[in-house]
**Student:** 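My questions will all concern the structure given below.
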Amino acid sequence: MGKILELFRPSDYAVSSYSIDYEALYRQGIRGLIYDVDNTLVPHGAPAEERTVLLFERLHRMGFHTCLLSNNKRHRVEPFAERIGSDFRFLAHKPMPKACREAMTAMGTAPRSTVLIGDQLFTDILCARFSGIRSILVSPIDPKEEIQIVLKRIPEKWILKRLRKEKETTEKQKNS
Ligand SMILES: [Mg+2]
């Protein structure tokens with residue numbers, strides 16, 4: 001069980017995509033940022049906000065390459081990507097790693113210089129794991145979600161609780 005659980009462990013956690021310490025990521029050698037869209041950057045189905053445009057302007061100025069990686073359809077992802085000036089992949093079939101690897105090729109980054117940012121364990125975090133890259137789990141922006149996502153949140157909560165417990169135990173063992 002432990003090994004399976006490990007697949008779902010994000011490299012990091014953040015309250016929001018907008019509060020991540022991107023300067024620190026840059027200093028660590030990260031040059032490619034892959035983003036889920038729905039509930040990671042905006043509420044499900046919503047257009048890019050002013051703060052989304054400003055964030056991506058800032059990231060590109062800092063020297064990051066960006067790529068949106070969404071399981072949603074083209075008509076959802078393309079206008080969003082155009083508004084913020086980012087590369088994108090739609091119908092990505094996360095957690096399968098193929099589109100994630102294509103995103104890295106498009107950005108010209110390697111697995112060790114790329115991070116994936118998303119709000120779901122079963123798509124985003126698992127996809128990062130299958131692709132051999134770091135991941136940051138953010139809290140979903142909108143607590144109101146469609147039924148198929150609500151259903152995935154139940155085992156997700158259970159896994160996150162187990163991961164937290166395991167971490168506490170290892171830290172206790174380290175300190176004792
Ligand atoms: Mg999402």
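We count ligands from 1, going down the list as the structure has it; atoms in each ligand are counted the same way.
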**Student:** So which of the N, O or S atoms of Asp38 lies nearest the Mg ion (ligand 1)?
**Tutor:** O

**Student:** Evaluate the ring planes of Phe64 and Tyr26, with Trp represented by its six-membered ring, and classify them as parallel (under 30°), tilted (30 to 60°) or perpendicular (over 60°).
**Tutor:** perpendicular

**Student:** Verify whether one side chain among Thr66 and His60 offers a donor that lies under 3.5 Å from an acceptor in the other.
**Tutor:** yes

**Student:** Only N/O/S atoms count here: what is the atom of Asp119 closest to the Mg ion (ligand 1) called?
**Tutor:** OD1

**Student:** Could you tell me which non-hydrogen atom of Ser17 sits nearest to which non-hydrogen atom of Leu55, and how far apart they are?
**Tutor:** O-CD2, 4.1 Å

**Student:** Between Thr109 (side chain only) and Thr105 (backbone N and O only), is there a donor and an acceptor less than 3.5 Å apart?
**Tutor:** no

**Student:** Report the atom name of the nearest N/O/S atom of Asp36 relative to the Mg ion (ligand 1).
**Tutor:** OD2

**Student:** Quick check: does Asp124 put an N/O/S atom under 2.8 Å from the Mg ion (ligand 1)?
**Tutor:** no

